[in-house]
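Inspection log for the structure reproduced underneath, given as structure tokens.
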Amino acid sequence: MSITINEELQAYIDPLTSDEHAALERSLLTEGCRDALVLWGDLLIDGHNRYGICKKHGITFNTVQNEAFKSMDDVHLWMIDNHLGRRSVSDFQRGVLALRKKEILSTRVAQAKESSTTPETADAVTQPSEEPALTRDVIARTARVSSVTLGQIEKIQKTATPELVNAVKTGMVSINAAA
């Protein structure tokens, strides 16, 4: 089986810390690879760290195809939702992911609105019945942070130096202090 690694996709989610990577490696060596790697065709979507460790140590692994993806945006949205559900993701990371999700969904709505031919169709695309509006409150709830915190994260992303962003990511500086 051929598995393709897209470096941009691999870097889309923050990498594991060295401690997290070491813990994952210990787990895989002890228990094997319990969770299947997620593929879209031959493209690895989820399980980059597990894949690297399994290849390094000759550990067998399973794969599963996700055929629901139609575009790279679908892949990104799936990755975001997958990581938002994890316990080990910090508030800052969840906020960043939720803002990425908002950007993708907002772009989709704008594109659908532009391509619609009637006002009724545009309204239906803008406010689908199953999707709430993309307000800061809704996005904040997605990230399980307050609207104020999400605003601070957005400000940090737009104006902070890379060093300050890294300090917030690692927990050395609080979101509030950085904002």
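Rounding to the nearest 0.5 Å gives a distance of 7.5 Å between CD1 of I139 and CG of L99. Rounding to the nearest 0.5 Å places CZ of R100 at 9.0 Å from CE of M79. Going from atom CG of D46 over to atom CG of N82 covers 5.0 Å, rounded to the nearest 0.5 Å. One finds the CG atom of N49 at 4.0 Å from the CG atom of L16 (value rounded to the nearest 0.5 Å). Distance check, rounded to the nearest 0.5 Å: OG1 of T161 to CG of N166 gives 9.5 Å. Annotation: the span from T149 atom OG1 to I175 atom CD1 amounts to 6.0 Å, rounded to 0.5 Å.
M172 belongs to no hydrophobic cluster, as no Ile, Leu, Val, Met, Phe, Trp or Tyr side chain comes under 4.5 Å of its own.
Under a hydrophobic-cluster definition in which Ile, Leu, Val, Met, Phe, Trp and Tyr are linked whenever side-chain heavy atoms come within less than 4.5 Å, directly or via other members, Y51 and I53 are assigned to different clusters.
T159 meets the side-chain contact (heavy atoms from CB on, under 4.5 Å) test with K155; sequence neighbours excluded. Residues that satisfy the salt bridge (charged side-chain N to carboxylate O under 4.0 Å, His left out) test with D14, not counting sequence neighbours, are K169. The side-chain contact (heavy atoms from CB on, under 4.5 Å) check on R141 picks up D137, V138, with sequence neighbours excluded. Considering only residues two or more places apart in sequence or on other chains, H48 meets the side-chain contact (heavy atoms from CB on, under 4.5 Å) condition with I5, Q10, L44. Applying the side-chain contact (heavy atoms from CB on, under 4.5 Å) criterion to Q111, with sequence neighbours excluded, gives T107. For D42, the side chain to side chain donor-acceptor pair (under 3.5 Å) partners are T4, not counting sequence neighbours. Listed by chain and residue number, K101 satisfy the salt bridge (charged side-chain N to carboxylate O under 4.0 Å, His left out) test with D81 (two or more places apart in sequence, or in another chain). Under the salt bridge (charged side-chain N to carboxylate O under 4.0 Å, His left out) criterion, E25 pairs with K56, sequence neighbours left out. Listed by chain and number, the residues in a ring pair (Phe, Tyr, Trp, His ring centres under 6.0 Å) with H76 are Y12 (sequence neighbours excluded).
Using a 4.5 Å heavy-atom cutoff, the side chains of Q152 and N176 are in contact. Side-chain contact check for L97 versus T142: every heavy-atom pair is 4.5 Å or farther apart. Within the 4.5 Å cutoff, the side chain of L77 has heavy atoms near those of the R108 side chain. Contact check for K102 versus I80: no side-chain heavy atoms found under the 4.5 Å cut-off.
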Full working for side-chain contact (heavy atoms from CB on, under 4.5 Å) between E154 and R136 = CA-CA 10 Å; E154 195 167 23; R136 178 176 285 167; 3.0 Å; yes
Listing, residues 59-69 side-chain donor-acceptor contacts under 3.5 Å, not counting sequence neighbours, or none:
| unit_1 | atom_1 | unit_2 | atom_2 | d |
| --- | --- | --- | --- | --- |
| Q65 | OE1 | G41 | N | 2.8 |
| Q65 | NE2 | G41 | O | 2.6 |
| N66 | OD1 | A68 | N | 2.9 |

For residues 29-37, please give each side-chain donor-acceptor pair under 3.5 Å, one per line with the distance, not counting sequence neighbours.
| unit_1 | atom_1 | unit_2 | atom_2 | d |
| --- | --- | --- | --- | --- |
| T30 | OG1 | R26 | O | 2.9 |
| E31 | OE1 | R34 | NH1 | 2.2 |

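Listed here is the closest heavy atom pair of A160 and V165: CB-CG2, 3.8 Å. Of all the heavy atoms in T17 and E20, the pair that sits closest is N-OE1, 2.8 Å. V173 approaches A177 most closely through the heavy-atom pair CG1-CB, 4.0 Å. When all heavy atoms of L84 and R94 are compared, the closest pair comes out as CD2-O, 3.6 Å. Smallest separation of non-hydrogen atoms from A178 and I156: CB-CD1, 3.6 Å. Contact record, L150 with A140: CD2-N, 3.6 Å, taken as the closest heavy-atom pair.
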